[in-house]
Amino acid sequence: MKNLQEQEKQELLPVERSVFTAPLQRRSFLQFAGAGAAAVALVAAGCKKDKNNDGPMVPGGVTLDFKDDFGVLNYAYALEQLEAAFYIKVASNLPSGFTPEQKTYFQDIQFHEIAHREFFKKALGTAAIGSLEVNFESIDFTSASSVLGAAMAFEDLGVGAYNGAGKLLTTPDYLVLAGKIVSVEARHAAYIRDLISPGSFASSPQVDDSGLDKALSPKDVLAAAGKYIKTKINVTNLA
Amino acid sequence: MNIVNILEEIEKVDGEIYERLNPRRSAMKDFYNMGKKVALAAMPLALGSMFTKAYGQSTPATVTDVLNYALTLEYLEFHFYNHGVEAAPGLIPAGLPLGAIKTIRDHEKAHVALLRGALGGAAIPAKAYTDFDFTAGGTFADVYTNYDTFLAVAQAFEDTGVRAYKGRATELMSSPGVLTVALQIHSVEARHAAHIRTMRAARGAMIKPWISLGAGGVANDTGIAAVNPVYAGEDTEKQATILITGIATGVTKAAAVESFDEPLTKEAVLAIAGLFIK
């Protein structure tokens, strides 16, 4: 742990990066997670740990408070929950129209999204929002084309979401982490686009004539994701 | 041109410029949206005026440095592909492969224009094909006669590009509008990387669209030792002190490695790029 922090300090973030010296407001969520993880461990003791999200459901909805970086990270966590739930459902009964390679790669993607989701959950600790309930009624999971279309929508949306949220973060560490994830989402998006239409990995209008990917506001992203999420998502302090 | 003229000029494309100017943070917030109001062709120019004149006394030195660094890499990529398309007949198969390489070439060209526009007078001098040696001193001697070598070098450039933008994003945090543009380029480079990897896989390379763990657990998943520095550290299985391997059932070390792309430092990227710059 110490080694990694040392390494990151040197390699990634030359300025103001120590979790121990940062001001309270910008204190690393790792430190926060230290306390959080303990609490979560108590609550979750006895819960079976599997690939399904087994956190508490939230009857009154969840709140993404963008007043600080935790809100932005929870926003990412919400999207990763959605993506993970989608791919878990896909992988549990892969469309018969998938090639063996597609089957393998959709399993891969499933585990990437689960890893992202669990990372945020663990890192946010007690600051994490609860588990979202999803609604995939509009997707025909037996149809390869329906699954691919939905996968493309999720991946392109995810890329645009991270691109748009980067500037909302104030802590360099978190920006780097978001960057580490968004390029993997972009790789997914490119792969899935090529399956739907070979050569469309970076087609217009997803990538514009200036060679730029989309950067979407949380408002636009949540509006687009809304049809797949049953849990009410309250948003505050979003300019 | 005095400041009032500049503001008036900007106001033509962004009626809220005066509100944006103060406070600084909100000034930058809707920067991206502004792009939509500007004709695409005018985008680089508009960006340039914004960066250098509207949102600060001048572009901060670190931001200029990062943008010139990015510009160097974009020139490298553009000339690499452009030569393959224009001056190496028969190298890239007609149809989808040539179409894809042209798409990527065009994006790199657009990135060059965008960055030059953003930097204005602070941009480095334009780089020509002759400024580069894409054989890297003979390491890739057949890069323009052997399609597989060409694709292998392309993959190295794209994966390096992704790591390069990621590695310096934090230096752009003082200029949120610039940061967003950099992120928008960053994910396009990742799309390119995934596609080039898919092209190589179609030709028999054991490679995935995402960077996985190499054979025998090494960081470089390409099987080409000459590009080891491009993948240094990509075998990281911990993120922010959290071990990703085993974080849930089925998350193997390979999955952990694939799930997160790693940044590269400026020095590491320049060392790689330097092999191809005369």
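In the text below, chain A, chain B and the rest are named by the order of the sequence lines, each starting its count at 1.
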Mutual orientation of the aromatic rings belonging to A:Tyr87 and A:Phe106 [parallel < 30°, tilted 30-60°, perpendicular > 60°]: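 Because their plane-to-plane angle lies in the 30° to 60° range, the rings of A:Tyr87 and A:Phe106 count as tilted.
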Whether A:Tyr77 and A:Phe120 hold their rings parallel, tilted or perpendicular, with breakpoints at 30° and 60°: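 It falls in the tilted class, 30° to 60°.
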Option in A:Gln206, A:Arg193, A:Glu185 with maximal non-hydrogen atom pairs under 4.5 Å from chain B: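 The option with the most such pairs is A:Gln206.
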Partner chain B: residue of A:Gly164, A:Ala202, A:Gly199, A:Ser217 with the largest heavy-atom pair count (under 4.5 Å):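 Among the listed options, the one with the most contacts to chain B is A:Ala202.
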Count the heavy-atom pairs under 4.5 Å between each of [options] and chain A, then report the option with the highest count.
options: B:Lys266, B:Glu267, B:Glu258, B:Arg163; answer: B:Glu258
options: B:Ala268, B:Ala194, B:Ala201, B:Pro209; answer: B:Pro209
options: B:Ala254, B:Ala255, B:Ala100, B:Gly250; answer: B:Gly250
options: B:Val251, B:Asp261, B:Leu179; answer: B:Asp261

Basic-acidic side-chain contact under 4.0 Å: A:Asp108, A:Arg187: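 Looking at A:Arg187 together with A:Asp108, the answer is no, because their closest N to O distance does not fall below 4.0 Å.
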Within-4.5 Å side-chain heavy-atom neighbours: B:Leu73 and B:Phe157: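 No, every pair of side-chain atoms sits at 4.5 Å or beyond.
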Exercise: do A:Glu113 and A:His188 side chains pair donor with acceptor under 3.5 Å: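 Yes, side-chain donor-acceptor contact under 3.5 Å.
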Side chain, backbone, both or neither of [X] within contact of chain A (heavy atoms, under 4.5 Å):
X: B:Val188; value: both
X: B:Thr103; value: side chain
X: B:Ile211; value: both
X: B:His111; value: both

Contacting moiety of A:Asn163, where chain B heavy atoms sit under 4.5 Å: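 For A:Asn163, the contact with chain B is made by backbone and side chain together.
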Within 6.0 Å of NZ in A:Lys103, more than 12 heavy atoms from elsewhere: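 Yes, the 6.0 Å shell around NZ holds more than 12 heavy atoms from other groups.
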Aromatic ring proximity A:Phe119/B:Phe260, centre distance under 6.0 Å: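 Distance test on ring centres: under 6.0 Å, yes.
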Nearest non-hydrogen partners of B:Glu234 and B:Val257, listed with the distance: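 Answer, listing the atom of B:Glu234 first, then B:Val257: O-CG1, 2.9 Å.
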